Amino acid sequence: MASSSSVVPKLNIPLHVKYIQNLDKKQDLAYHLTSHLRLNGIYWGLTALCIMGQHSALDREGVIEYTISCWDEEAGTFGPHPGHDGHILATLSAIQIMVIEDALDRVDIERVTKFLHSLINPDGAVSGDQWGESDTRFSYILLQSLALLGKLDTLSPETRENITQNIKGCMNFDGGFGTTPGAESHSGQVWVCTAALSILDREDLIDKDLLGAWLSERQLPNGGLNGRPEKLEDVCYSWWCAASLSIIGRLHWIDRDKLIAFILGAQDLEDGGIADRPGDWVDVFHTVFGVAGLSLLGYPGLQDIDPVYCMPAGLIASLGLRKPYIT
Ligand code: GRG
Ligand code: ZN
């Protein structure tokens, strides 16, 4: 469990690396109940390791083999676990893992691209699978997936414009974004929409001062950020909010040192991992977004993370996808 001491500890990298390496050793009920998130979990763990400079702490071949075993032949894409149906979220995680492991040549890129295109609705909204409802999360996932596959140019100008206008239609009076047109602003949705507009080279559609003000109001007196007004602070918003602020060039609008102290206070300094807030149980989701937040904030000794892709910045640069305005 994360400590709740008032002294700010340092980031304990060796302990967090060990925590991630041991994640699949404890196959308890919680492990089996989260099989629908297994491929996401591998991406989260691998990304946290990359940020901490320990990419090879997980067995490369094991990671690749597991990812390939999640292929859903009928759907022509990846599911989250062997035997599960293909889904856009698992598809992105699989692509991210294969990019990090430099193994994209083992993916049927044409079939995955076809699957992704099949989820675009005529109005530019994007669904998660052949049955599912649309959500701006899926618009972002589609765009990041196509970008990493080098297939953004398979979107016709008309489709690209429809997707852009659909995201713009989810913008609210407060400068934030929701899941669908008219839905309440939420920091997670703000990140997917600002990052999606960045991939589309349409950052001009964002009201940066208005959104920057809304995002910086998410910081609470204890240094942590919440996801929307009147809600509790949570380490994962160190990513959703800070990455959005970074994309719109307003990261300096929050108190960096107080946020760093909040994230560091949520570490479990006995067994490793980071929790949603000091005193709670750790998980790999809050571990990756905690270290990713620290990296964005310039915490020493960490590799740079790209705020648009939530992937190692060097890798995004090597694919020619790094935005020049991001420092
Ligand atoms: C490549 C990192 C990456 C992600 C892929 C799935 C996705 C794209 C993005 C998710 C964005 C999102 C909606 C994040 C928010 C997740 C979250 C903590 C939701 C909690 O919402 P509530 O309403 O919690 O339960 P609050 O804090 O508002 O009480
Ligand atoms: Zn959280």
Side-chain angles (χ1 to χ4, degrees), residues 2 36-37 39-48 50-51 78 80 87-97 99-100 116 119 126-129 132-148 167 170 176-180 183-196 198-199 214-215 218-220 224-244 246-247 262-263 266 273-278 280-293 295-296 305-312 315-316 321:
H36 63 292
L37 287 173
L39 221 42
N40 304 294
I42 296 177
Y43 152 69
W44 295 330
L46 204 50
T47 302
C50 290
I51 301 168
F78 295 91
H87 189 275
I88 196 169
L89 179 56
T91 299
L92 173 60
S93 296
I95 295 169
Q96 291 174 308
I97 293 165
V99 166
I100 292 174
L116 291 167
L119 301 174
V126 177
S127 306
D129 56 28
E133 289 177 4
S134 62
D135 182 318
T136 44
R137 276 178 304 157
F138 304 141
S139 312
Y140 167 74
I141 292 173
L142 172 106
L143 292 166
Q144 160 154 197
S145 300
L146 289 175
L148 293 180
I167 296 171
C170 297
F177 295 83
T179 51
T180 44
E184 174 194 15
S185 295
H186 186 288
S187 312
Q189 241 58 47
V190 166
W191 178 67
V192 292
C193 291
T194 51
S198 170
I199 295 173
W214 187 85
L215 284 167
R218 306 280 57 78
Q219 189 162 34
L220 301 177
L225 304 170
N226 64 11
R228 47 193 165 138
E230 310 298 330
K231 290 285 189 159
L232 281 181
E233 70 286 350
D234 178 328
V235 161
C236 68
Y237 296 116
S238 312
W239 176 258
W240 312 118
C241 294
S244 305
S246 171
I247 293 169
F262 172 75
I263 300 170
I274 301 178
D276 57 354
R277 63 184 66 89
D280 281 356
W281 292 105
V282 303
D283 58 68
V284 65
F285 178 85
H286 291 94
T287 303
V288 65
F289 294 122
V291 294
S295 165
L296 268 188
I305 182 94
D306 185 275
V308 176
Y309 292 89
C310 196
M311 293 273 283
L315 213 47
I316 293 305
L321 296 172

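Heavy atoms only: backbone and side chains are in, while hydrogens, waters and symmetry mates are out. As the structure lists them, so they are numbered: ligands from 1, and atoms in each ligand from 1. Keep in mind that this is a model prediction, so the values were computed, not measured.
Between the W191 side chain and the Y237 main chain, no donor and acceptor come within less than 3.5 Å of each other. Between the side chain of S246 and the main chain of A242, no donor-acceptor pair closer than 3.5 Å is present. One N or O on the side chain of T287 and one on the backbone of I274 form a donor-acceptor pair closer than 3.5 Å. Although no hydrogens or angles enter the test, the distance criterion places no donor-acceptor pair under 3.5 Å between the side chain of Q189 and the main chain of F177.
Taking only nitrogen or oxygen atoms, main chain and side chain alike, K231 reaches within less than 3.5 Å of ligand 1. Considering backbone and side-chain N/O atoms, Q96 never comes within less than 3.5 Å of an N/O atom of ligand 1.
Counting only heavy atoms from C-beta outward, the side chains of W239 and I305 approach each other to under 4.5 Å. A 4.5 Å side-chain heavy-atom check between D306 and L321 finds every atom pair outside the cut-off.
Among Y309, F138, W240, the residue whose heavy atom sits closest to atom 10 (C) of ligand 1 is W240. Residue nearest to atom 18 (C) of ligand 1, selected from Y140, Y237, Y43: Y237 (by heavy-atom distance). Distances from atom 23 (O) of ligand 1 to the heavy atoms of R228, H186, H286, E233 show the closest one on R228.
Proximity of C236 to ligand 1, defined as any heavy-atom pair under 4.0 Å, is confined to the side chain (atoms from C-beta onward). Of all the heavy atoms of L232, none lies under 4.0 Å from any atom of ligand 1, so neither backbone nor side chain is involved. For F289, every heavy-atom contact with ligand 1 shorter than 4.0 Å involves the side chain, none the backbone.
Shortest contact from atom 4 (C) of ligand 1 to any protein heavy atom: W191 CZ3, 3.9 Å. With respect to atom 5 (C) of ligand 1, the closest heavy atom belonging to the protein is L92 CD2, 4.1 Å. For atom 9 (C) of ligand 1, the closest heavy atom belonging to the protein is V192 CG1, 3.7 Å. For atom 13 (C) of ligand 1, the nearest non-hydrogen atom of the protein is Q189 OE1, 3.4 Å. The single protein non-hydrogen atom nearest to atom 12 (C) of ligand 1 is G188 CA, 3.5 Å, given as residue, atom name and distance.
The side chain to side chain contact (heavy atoms under 4.5 Å, CB included) test with D234 is passed by exactly one of D280, L225, D276, N226: D276.
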Exercise. Please assess Y43 against M311 for the test side chain to side chain contact (heavy atoms under 4.5 Å, CB included), listing each intermediate value before the final yes or no.
Key: CA-CA 9 Å; Y43 152 69; M311 293 273 283; 4.0 Å; yes
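Here the Zn ion (ligand 2) is the vertex; the SG atom in C236 and the OD1 atom in D234 give an angle of 90° (to 10°).
No side-chain donor from either of D135 and T179 sits under 3.5 Å from a side-chain acceptor of the other.
Using cut-offs of 30° and 60° for the angle between ring planes, the W240 and F289 rings count as tilted.
Atom 27 (O) of ligand 1 lies below 4.0 Å from at least one non-hydrogen atom of the protein.
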